[in-house]
Chemist: 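Sharing a structure below in structure tokens format, with a few things to ask.
Computed over heavy atoms, backbone and side chain alike; hydrogens, waters and symmetry mates excluded.
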Number of protein chains: 2
Amino acid sequence: MTDTPDITPAPDEAGPERAAVSRRRLLGAVGAGAAVAGAALGAGGAVLAHHDSGSSGADAAGSGPQTVAFRGVHQAGIATPSQDRLCFATFDVGPGATAADLRELLKTWTAAAEAMTLGNPVPGNPGDLYTPPEDTGEAAGLQPGNLTITIGYGPTLFDRRFGLAGRRPSGLVKLPHLPKDNLDPANSDGDLCVQACADDPQVAFHAVRNLRRLAFGTLVPRWMELGFGRTSSTTPQQATPRNLMGFKDGTRNIDGTDAALMGAHVWIGDEEPQRWARGGSYLVSRKIRMLMEQWDRDRLGDQQDVFGRFKSTGAPLTGKAEFDTPDFHAKSGGQYVIPADAHIRLAAHENNNGLRILRRGYSYTDGIDPETGDLMGGLFFIAFMKSPQQFITLQTALGQHDALNEYIQHIGSGLFAVPPGLAAGQDWGTQLFG
Amino acid sequence: MTDTPDITPAPDEAGPERAAVSRRRLLGAVGAGAAVAGAALGAGGAVLAHHDSGSSGADAAGSGPQTVAFRGVHQAGIATPSQDRLCFATFDVGPGATAADLRELLKTWTAAAEAMTLGNPVPGNPGDLYTPPEDTGEAAGLQPGNLTITIGYGPTLFDRRFGLAGRRPSGLVKLPHLPKDNLDPANSDGDLCVQACADDPQVAFHAVRNLRRLAFGTLVPRWMELGFGRTSSTTPQQATPRNLMGFKDGTRNIDGTDAALMGAHVWIGDEEPQRWARGGSYLVSRKIRMLMEQWDRDRLGDQQDVFGRFKSTGAPLTGKAEFDTPDFHAKSGGQYVIPADAHIRLAAHENNNGLRILRRGYSYTDGIDPETGDLMGGLFFIAFMKSPQQFITLQTALGQHDALNEYIQHIGSGLFAVPPGLAAGQDWGTQLFG
């Protein structure tokens, strides 16, 4: 098929995604609470149209509103208010798989992803006794939990293997080596990525695990990360969470409901020659290990100077409340109040020609380093932007000068082109291959 | 101090733990939902007596009821209704540490654990500018989330290093090699263990991370596991969750609120010569990897035969509803309806001289095996019992005959003596050292 929908996002466009966001926001924290109340109830509460709905009684919490629309101008999971939990995985196309295999799988994935975001099992054979169940079942009875499943394509997918070289979005080139990079290939890159976000971690895990199951013989999983707590807010309605350094670190994030800001900084627009990619975005993943033992021994004053914010309130060192605008010119005793190497100074759009990105990261932990006894964990950074150059510019400045560098290490990295949302009847395969 | 309280648990005793359970149960799922609604609100909601309570506005959800009493006849986190999330860690005493260091640390840990379970920060210096903050801060503003912190001691702690050889609970001997064991030392054993359970994973992680911080110079972390979804119910009020095989696997668990059952199977009683250990329990941890790729290719009929239950409803193959008692004698066409090697047959107390354990496990994932592309994850099994022999007997039978063995591998193991609860004014150090 070559009838690729020409979706050019307009800043004021109110697509299904926006509608879903609004519907969810009406419920706000109550919705989130109900989601996990459902999880606490466990498998006892039946969920809409689930194949084992015969298992037990009715569902107490309203389940309908806990869904985010799967189709729309943009993919869900970007402007969507950050859910509490994440499961992120990347995949490589297996050695024997053809373009036709990949295209067919992406069609299958589309149907599965759409079903799961509705709280339904993976469609297909529900499992007679003589065949494997199409859905692995661990999310049966759980609420949809605002599940979003967002797909992205790595630069390597557009090599010569699948005839996609002519479809490569112009910005999709492997990120250059950036200052202080210490990347492990086992946490980096991939032909495809899947970001599953939900308010229940089991729902997010289930989504990735079932896409992996459907990909047997076509894709090989490369790496996966579970994010146990969101570190970003993507609407002013959400309170700013704390990262594992104990700081509020997403206070000045882009508001995902601000269509003008999203159009200016996040969505790929008319500047992109590949029309099919317009309305999409670029996803940068960075696995950022925090050296928690060192950080936890640092004095409060230094911690605050490193970020440029008060730890307790999240206010900039020049302000009183979290959302006060930092004053990067203010001095005290001849020194900048927000130090020259403070994280928020180097990352601020005021100091980067207005450059902004949408952060949507999660805290992670990989347990204990058996060699040192140190905690392995930190920030699984995810950001969306209309051009990877935004991240490259920011991270070059941060990598060179950020006072935070003493306490962190970038140990994984990925760049993926996130296609636009799907129109009715469209699937990821036809969208990608045209 | 040698005035060890003589706490001998009576089956009908209503200690603070029981009161807390009752108080929590009154709230039921509403409480759990409110806990995570608080988490969704993130750091914006202040929490009781938190040191940065100046950060922002009032707390919407009632926070008082989201706590479980720390002190009582038994430690919390055993009979307590299973919280949704887990962080479990083990530690070894560092080479330079003395008995006095350990005893002092356990006193410090007691105060910190009690504070955190109340939703308060680690006590001590709240962090003037010139010292490191005593609390790492990432749980500031989050609800207590029914946090429980349960401590246990491994067999190695009672060697000659700390003068504790004479205090060793009689059952505390390293578990023997059991059939099909494939254990990795990096996931096994430890001088001490800490089980932190909460409805918010960030609260559980924060608890372990702060105990680790306090232990700098005394303990070295050995391994840690995050459990993202509970796999057991410990009261009939909780619905049975599903494990990562998609099955309900804790249907016949001990009811933690049934004092007679707990006294008969879980709490160490008068049979124990070490009086200080009475009212405690033994904790067995087993990291059980599920071979999900193989499982997901198995036909439904075989999956059900492996467990002895219907996947959809959780009913035994001889019944209609989840809590129907399995009929292990029923035959069809000359064959047992619940096969001879079915998991529930081999694990059933009817077939093990009445032997029962309290299961309190969680699903985990460690991401992707870089060698094979397979998912690494499964069940982080935790069980409590009055004698390790209960587990040894059960696992010997299961390891030899369980049909499930084709799809799982035990890759980690630990045995810990869990001391009884603390009386008012008592701390873990004086309790252990006497």
Chemist: Non-hydrogen atoms of chain B under 4.5 Å away: do they reach the side chain of Q202(A), the backbone, both or neither?
Modeler: both
Chemist: Is it the case that the side chain of T235(A) and the backbone of P81(A) share a donor-acceptor pair, with hydrogens and angles ignored and the cut-off at 3.5 Å?
Modeler: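 It does not hold such a pair.
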Chemist: How close do K320(A) and T313(A) get, counting heavy atoms only, and between which atoms?
Modeler: O-OG1, 4.3 Å
Chemist: I'd like to verify something: which residue of D298(A), V220(A), L219(A) has the highest number of heavy-atom pairs under 4.5 Å with chain B?
Modeler: D298(A)
Chemist: Can any side-chain N or O of D135(B) pair as donor or acceptor with the backbone N or O of P121(B) at less than 3.5 Å?
Modeler: no
Chemist: Under 6.0 Å between ring centres, would you say that holds for F247(B) and F307(B)?
Modeler: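 Yes.
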Chemist: Using non-hydrogen atoms and a 4.5 Å limit, figure out which bit of D366(A) sits close to chain B: side chain, backbone, both or neither.
Modeler: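 It is neither, since no heavy atom gets under 4.5 Å.
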Chemist: Between S363(A) and chain B, which part of the residue has a heavy atom less than 4.5 Å away: side chain, backbone, both or neither?
Modeler: side chain
Chemist: Show the nearest heavy-atom pair for residues T234(A) and S82(A), with the distance to one decimal.
Modeler: OG1-N, 3.0 Å
Chemist: Tell me which of these, T136(A), D369(A), I368(A), N243(A), has more heavy-atom pairs under 4.5 Å with chain B than the rest.
Modeler: I368(A)
Chemist: Has R85(B) got a side-chain atom pairing as donor or acceptor with D200(B)'s backbone, closer than 3.5 angstrom?
Modeler: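 Checking the backbone N and O of D200(B) against the side chain of R85(B), no donor-acceptor pair under 3.5 Å is found.
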Chemist: Can you name the nearest heavy-atom pair linking Y364(A) to L379(A), along with the distance?
Modeler: CE2-N, 3.5 Å
Chemist: Can a donor-acceptor pair be found, under 3.5 Å and without considering hydrogens, that links the side chain of D184(A) to the backbone of I411(A)?
Modeler: no
Chemist: Using a cut-off of under 4.5 Å for heavy-atom pairs, which of W223(B), W295(B), F216(B), F91(B) has the most such pairs with chain A?
Modeler: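 The residue among W223(B), W295(B), F216(B), F91(B) with the greatest pair count is F216(B).
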Chemist: Are the ring centres of F88(B) and F380(B) closer than 6.0 Å?
Modeler: yes
Chemist: With a 4.5 angstrom heavy-atom cut-off, which part of L226(A) approaches chain B: side chain, backbone, both or neither?
Modeler: side chain
Chemist: Less than 4.5 Å to any heavy atom of chain B: does that hold for the side chain of E293(A), its backbone, both, or neither?
Modeler: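 Both backbone and side chain.
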Chemist: Where on F205(A) is there a heavy atom nearer than 4.5 Å to chain B: the side chain, the backbone, both, or neither?
Modeler: side chain
Chemist: Does the Q83(B) side chain pair with the main chain of N146(B), one donor and one acceptor, at a distance under 3.5 Å?
Modeler: yes
Chemist: Output yes when R297(B) and D302(B) qualify as a salt bridge under the 4.0 Å nitrogen-oxygen rule, no when they do not.
Modeler: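 Result for this pair is no, no salt bridge flagged.
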Chemist: Counting heavy-atom pairs under 4.5 Å to chain A, which of A89(B), G377(B), G373(B) comes out on top?
Modeler: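 Winner by heavy-atom pair count: G373(B).
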Chemist: Below 4.5 Å, heavy-atom pairs only: which of M376(B), H206(B), M292(B), E322(B) has the largest tally toward chain A?
Modeler: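 Of M376(B), H206(B), M292(B), E322(B), M292(B) has the most heavy-atom pairs under 4.5 Å with chain A.
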Chemist: Using modelled atom types and a 3.5 Å cut-off, is there a donor and acceptor pairing between side-chain atoms of Q304(B) and backbone atoms of L317(B)?
Modeler: no
Chemist: Anything in residues 207-215 of chain B with a heavy-atom distance to chain A below 4.5 Å? Please list those residues in order.
Modeler: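 Result: R209(B), R212(B), R213(B).
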Chemist: In terms of heavy-atom pairs under 4.5 Å with chain B, which of E225(A), M245(A), Q303(A) leads?
Modeler: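 The candidate making the most pairs under 4.5 Å is Q303(A).
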